[in-house]
Amino acid sequence: METPSRPRKIIHVDMDAFYASVEQRDNPELRGLPIAVGHGEARGVVAAASYEARKFGVHSAMPSITAKRKCPDLIFVRPRFDAYRAVSQQIQAIFAEYTPLIEPLSLDEAYLDVTENLKGMEVATEIAEEIREQIKARTGLTASAGVSYNKFLAKMASDQRKPDGLFVITPKNGPAFVEALPVKKFHGVGPATAERMHKLGIETGSDLKARDLAFLQQHFGKSGPYFYWIARGIDERQVKPDRVRKSIGAEDTFSADIHDFETARSGLQPLIEKVWRYCELNRIHAKTVTLKVKWADFTQITRSKTVAAPIANAGELADVSTLLLSPLFPVAKGIRLLGVSLSSLDSATIKDKPQLALAL
């Protein structure tokens, strides 16, 4: 694989604390206060946290009870998905004024390829700055942006000066930037993978670059080539405006192995909330639920069930997940990781579908 003779110009735009910022914009009484978008009940989960709340260690996907413990003055605000979608459409319209090559990752972030752009602008940094200014003017919200010559580095750049920041990684300084970056901050390296890398003595991009392709394939399978090339600042993935997801999933590696059913079911709940939140935000339906279990000895199994009609809410997703989980108990060995995913996806509007009565 070789770097292209003419570097591409990629922008990654990421809205700052998007859902929380929309709530603070629309309700002046919430401005300057620590807020969490989500449900404050004991089994609830944080969908988004304002920067005031993040100072206390509150973050998305955190159980609400934990968030409240970290920040006793935390204010929970019920999510308004229609409002977030409406703002997201405004932002997408701004992107479309500059390029048709837009790859949304969610309602609040996207990749843009502006190598050739509708404004005829030569400097990608100027395009990114204009886009940020237009978002602020039209929505009243701030966005951070990363500019680079590939998707991986543009994503890494957008995290450097949040909130309301802009950062550029050029072809000249890209490799050095990656070498100095801790692997736990790499996009595509989750907590479990970072832990495995640390056990192999890989702490930074420089350490990762020192490992050959065969070593990375041996230890990380099909992800090995990806890690090999990004350690060198190389990522040839194209910005795909027609990107279609085949499944939606979330998983978590636990700090201690799980041996009892109730602890396992509690561990699944934040994952269920996270997956369902994505479905609601993107108006996606699914019929197939898959449970993933990784045991203490790193062996793993999956169990799936397809229901007759699309799942209608998080409670029904939890019911099916529990149905898949319960036959595994009592367990002969501890559970290291749990995951839940949805497939057989359909992007029809959720509210237009009838409620599902599970006949299991």
Within-4.5 Å side-chain heavy-atom neighbours: [X] and [Y]:
{"X": "Leu208", "Y": "Met197", "result": "yes"}
{"X": "Glu52", "Y": "Gln24", "result": "yes"}
{"X": "Val183", "Y": "Asp207", "result": "no"}
{"X": "Val189", "Y": "Lys184", "result": "no"}
{"X": "Ile135", "Y": "Arg132", "result": "no"}
{"X": "Val87", "Y": "Arg25", "result": "yes"}
{"X": "Phe81", "Y": "Leu107", "result": "no"}
{"X": "Leu153", "Y": "Asp235", "result": "no"}

So with a 6.0 Å cut-off around [atom1] of [X], is the heavy-atom count from everything else above 12?
{"X": "Leu213", "atom1": "CG", "result": "yes"}
{"X": "Lys162", "atom1": "NZ", "result": "yes"}
{"X": "Lys155", "atom1": "NZ", "result": "yes"}
{"X": "Lys333", "atom1": "NZ", "result": "yes"}

Grab the two heavy atoms, one from [X] and one from [Y], that are nearest each other, plus how far apart they are.
{"X": "Leu271", "Y": "Ala250", "result": "CD1-O, 4.0 Å"}
{"X": "Ala110", "Y": "Phe95", "result": "CB-CE1, 3.8 Å"}
{"X": "Lys240", "Y": "Glu103", "result": "N-OE1, 2.8 Å"}
{"X": "Leu337", "Y": "Gly339", "result": "CD2-N, 4.2 Å"}

Subject >> Phe18 and Ser21: CA distance, side-chain angles, deciding distance, side chain to side chain contact (heavy atoms under 4.5 Å, CB included) verdict >> reply: CA-CA 5 Å; Phe18 183 51; Ser21 295; 5.8 Å; no

Original post:
Cluster partners of Ile35, using ILVMFWY side-chain heavy atoms under 4.5 angstrom, listed by chain and number?
Top reply: Leu30, Leu33, Ile75, Val77

Original post:
Tell me the ring pair (Phe, Tyr, Trp, His ring centres under 6.0 Å) pairs involving residues 174-220, sequence neighbours left out?
Top reply: Phe152-Phe186, Phe215-His219, Phe220-Phe227

Carboxylate-amine/guanidinium proximity below 4.0 Å for [X] and [Y]:
{"X": "Arg265", "Y": "Glu262", "result": "yes"}
{"X": "Lys185", "Y": "Asp159", "result": "no"}
{"X": "Glu251", "Y": "Lys294", "result": "no"}

Distance check, rounded to the nearest 0.5 Å: [X] atom [atom1] versus [Y] atom [atom2]?
{"X": "Leu325", "Y": "Ile335", "atom1": "CG", "atom2": "CD1", "result": "6.0 Å"}
{"X": "Ser148", "Y": "Asn173", "atom1": "OG", "atom2": "CG", "result": "7.5 Å"}
{"X": "Arg8", "Y": "Thr115", "atom1": "CZ", "atom2": "OG1", "result": "7.0 Å"}
{"X": "Phe56", "Y": "Ser50", "atom1": "CZ", "atom2": "OG", "result": "9.5 Å"}
{"X": "Leu181", "Y": "Ser206", "atom1": "CG", "atom2": "OG", "result": "11.5 Å"}
{"X": "Glu273", "Y": "Ser64", "atom1": "CD", "atom2": "OG", "result": "8.0 Å"}

Counterpart residues, side chain to side chain donor-acceptor pair (under 3.5 Å), relative to [X] (two or more places apart):
{"X": "Glu130", "answer": "Tyr98"}
{"X": "Tyr84", "answer": "Glu23"}
{"X": "Glu126", "answer": "none"}
{"X": "Asp257", "answer": "none"}

**OP:** Among Asp113, Ile127, Val239, find the one that has a side chain to side chain contact (heavy atoms under 4.5 Å, CB included) with Ile11.
**Re:** Ile127

**OP:** Flag yes if Leu74 and Tyr51 sit in one hydrophobic cluster, no otherwise; membership is Ile, Leu, Val, Met, Phe, Trp, Tyr, and two members link when side-chain heavy atoms are under 4.5 Å apart.
**Re:** no

**OP:** Decide whether Asp14 and Ser144 meet the rule of one side-chain donor and one side-chain acceptor closer than 3.5 Å.
**Re:** no

